[in-house]
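First up is the structure itself, then whatever we jot down about it.
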Amino acid sequence: MSERRPYRRSMHRWWLRDPYFVRYMAREMTSLLVAVYALVLLVGLVRLGQGEAAYMGWLQALRSPWSVAVHSVVLATFVYHTWSWFRIMPKTMPTLFLGGRRVPQQAITIAGLAAAACACLVLLALAWGAAS
Amino acid sequence: MSRSHEPVFWSLFGAGGMLAALVGPALVFITGIAVPLGLLPAELMSYERLLAFAGHWAGKFCAFGIVALFLWHAAHRIAITLHDLGIHARLATQVACYGFALVGSLVAGWALLAIGG
């Protein structure tokens, strides 16, 4: 009896095969830097509880060129996260109807991005207000 | 029908992703770039100020929400991506990823409670 050896397409580097897969992977990879930023904040919280000297050490570490460089990459990643999050939102949520009409996907994306822009502006305004 | 624990993790993933999408960029810019570079006065993140923030229940709520939800968001996405990358040890990756988020959340909660208020 001959052994059947059906052709099986390799899954090697499947994420490079299609621009859609590349975008999917880029979106998934943002989570690594979200975790990094959460850990930076978590260390800050722990150091804050340990007293002024410990906290000042954390604050000093944030001023290093390495930290600023990493945070620049993290910032770019978060902006991409925001953009991609609201781009896929209409596909992950139940279809939205308004006045008996289906809300177009693009409208949901734009509304989400506008909400994010507002939230970020409010946060920045609060920071600037608290600083002055 | 057996119950799945998936909706719990998916909700945490969604909440964290939404929070990150809404306030993440501004937060990273303020804490990681503007204050360290002096675009905003260092006084904004002074010890006294942050201690007062973390001492208030609303501050604790915000700080815990941001750290914990960001961790759960990342953990769920990383667990799924590992599967997509061909690592099919589902239980092991889930325990590692969700365990990481759980430990991080507990540490955040413990640190905030230790600060008191």
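Here is how names work: the chains are called A, B, and so on, in the same order as the sequence lines, proteins then strands, and each is numbered from 1.
Contacts with chain B were tallied for A:Trp128, A:Phe78, A:Phe86, A:Trp85; A:Trp85 has the most, counting heavy-atom pairs under 4.5 Å. Ranked by heavy-atom pairs under 4.5 Å with chain A, the list B:Thr81, B:Leu39, B:Leu69 is led by B:Thr81. Of all the listed residues (A:Leu41, A:Leu48, A:Leu123), the one sharing the greatest number of non-hydrogen pairs under 4.5 Å with chain B is A:Leu48. Among A:Ala117, A:Cys118, A:Ala38, the residue with the largest count of heavy-atom pairs under 4.5 Å with chain B is A:Ala38. Between chain A and the residues B:Glu48, B:Glu43, B:Met18, the largest count of heavy-atom pairs under 4.5 Å involves B:Met18. For the set B:Gly38, B:Gly32, B:Ala111, the count of heavy-atom pairs under 4.5 angstrom toward chain A peaks at B:Gly32. The candidate from B:Ala20, B:Ala114, B:Ala108 with the greatest count of non-hydrogen atom pairs under 4.5 Å with chain A is B:Ala20. The candidate from A:Leu42, A:Leu113, A:Leu59, A:Val68 with the greatest count of non-hydrogen atom pairs under 4.5 Å with chain B is A:Leu42.
The backbone N or O of B:Val28 sits nowhere less than 3.5 Å from a side-chain atom of A:His71 that would complete a donor-acceptor pair. A:Trp14 contributes a side-chain N or O that, together with a main-chain N or O of B:Asp84, makes up a donor-acceptor pair within less than 3.5 Å.
Of the two parts of B:Leu51, the backbone and the side chain both hold a non-hydrogen atom closer than 4.5 Å to a non-hydrogen atom of chain A. Both the backbone and the side chain of B:Thr31 come within contact range of chain A, each with at least one heavy atom under 4.5 Å from a heavy atom of that chain. With a 4.5 angstrom heavy-atom cutoff, A:Ser84 does not touch chain B via any of its atoms. For a residue to count as touching a neighbouring chain, one of its non-hydrogen atoms must lie under 4.5 Å from one of that chain's; by this rule B:Leu40 touches chain A with the side chain only. Residue contact with chain A, scored on non-hydrogen atoms closer than 4.5 Å, involves the side chain of B:Ala54 exclusively. For a residue to count as touching a neighbouring chain, one of its non-hydrogen atoms must lie under 4.5 Å from one of that chain's; by this rule B:Ile30 touches chain A with the side chain only. Both the backbone and the side chain of A:Arg27 come within contact range of chain B, with heavy atoms under 4.5 Å apart. Both the backbone and the side chain of A:Leu75 come within contact range of chain B, each with at least one heavy atom under 4.5 Å from a heavy atom of that chain. Proximity to chain A is absent for every atom of B:Phe53, based on heavy atoms less than 4.5 angstrom apart. Using a 4.5 Å cut-off between heavy atoms, B:Ile78 contacts chain A through both its backbone and its side chain. For A:Trp83, no part lies under 4.5 angstrom from a heavy atom of chain B.
A distance of 8.5 Å separates SG in A:Cys120 from CG in B:Leu27, rounded to the nearest 0.5 Å. Distance check, rounded to the nearest 0.5 Å: CD1 of B:Ile33 to OG of A:Ser67 gives 9.0 Å.
The nearest pair of heavy atoms linking B:Gly17 to A:His81 is O-NE2, 2.9 Å. Of all heavy-atom pairs between A:Ala127 and B:Leu44, the closest is O-CD1, 3.7 Å. Closest of all the heavy-atom pairs between A:Arg63 and B:Ala42 is NH2-CB, 4.0 Å. When all heavy atoms of B:Pro25 and A:Thr82 are compared, the pair lying nearest together is CG-OG1, 3.5 Å.
A chain of hydrophobic side-chain contacts below 4.5 Å, direct or via other Ile, Leu, Val, Met, Phe, Trp or Tyr residues, connects A:Leu16 to A:Met29. Cluster annotation: B:Val95 is not connected to B:Phe13 through the hydrophobic network of ILVMFWY side chains, with a link wherever side-chain heavy atoms come within less than 4.5 Å. A:Met25 and A:Phe21 fall within the same hydrophobic cluster, defined by Ile, Leu, Val, Met, Phe, Trp and Tyr side-chain heavy atoms under 4.5 Å apart, directly or through other members. Residues B:Trp10 and B:Leu19 share a hydrophobic cluster, clusters being chains of Ile/Leu/Val/Met/Phe/Trp/Tyr side chains in contact below 4.5 Å. Put simply, B:Val103 and A:Val43 are part of the same group of oily side chains (I, L, V, M, F, W, Y) that touch within less than 4.5 Å, one to the next.
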Please evaluate residues B:Val35 and A:Leu62 with respect to the criterion side chain to side chain contact (heavy atoms under 4.5 Å, CB included), reporting the C-alpha separation (whole Å), side-chain torsions for both, the decisive distance (0.1 Å), and the verdict.
CA-CA 9 Å; B:Val35 172; A:Leu62 283 186; over 6 Å; no

Side chain to side chain contact (heavy atoms under 4.5 Å, CB included) evaluation trace for B:Leu85 with A:Trp15:
CA-CA 9 Å; B:Leu85 290 175; A:Trp15 56 88; 3.4 Å; yes

Check against side chain to side chain contact (heavy atoms under 4.5 Å, CB included), A:Val34 and B:Arg77
CA-CA 10 Å; A:Val34 172; B:Arg77 236 178 193 175; over 6 Å; no

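In this pair, A:Tyr37 and B:Phe70 present their aromatic rings tilted. The plane angle is within the 30 to 60° band. In this pair, B:Tyr47 and A:Tyr55 present their aromatic rings tilted. The plane angle is within the 30 to 60° band.
Evaluation of the side-chain hydrogen bond (donor to acceptor under 3.5 Å, both in side chains) rule for A:Thr109 yields no partner, not counting sequence neighbours.
Using a 4.5 Å heavy-atom cutoff, the side chains of A:Leu39 and B:Phe100 are in contact.
Surrounding CZ of A:Phe97 are more than 12 heavy atoms belonging to other residues, nucleotides or ligands, all under 6.0 Å away. For CZ of B:Arg90, the number of neighbouring non-hydrogen atoms (other residues, nucleotides, ligands) closer than 6.0 Å is 12 at most.
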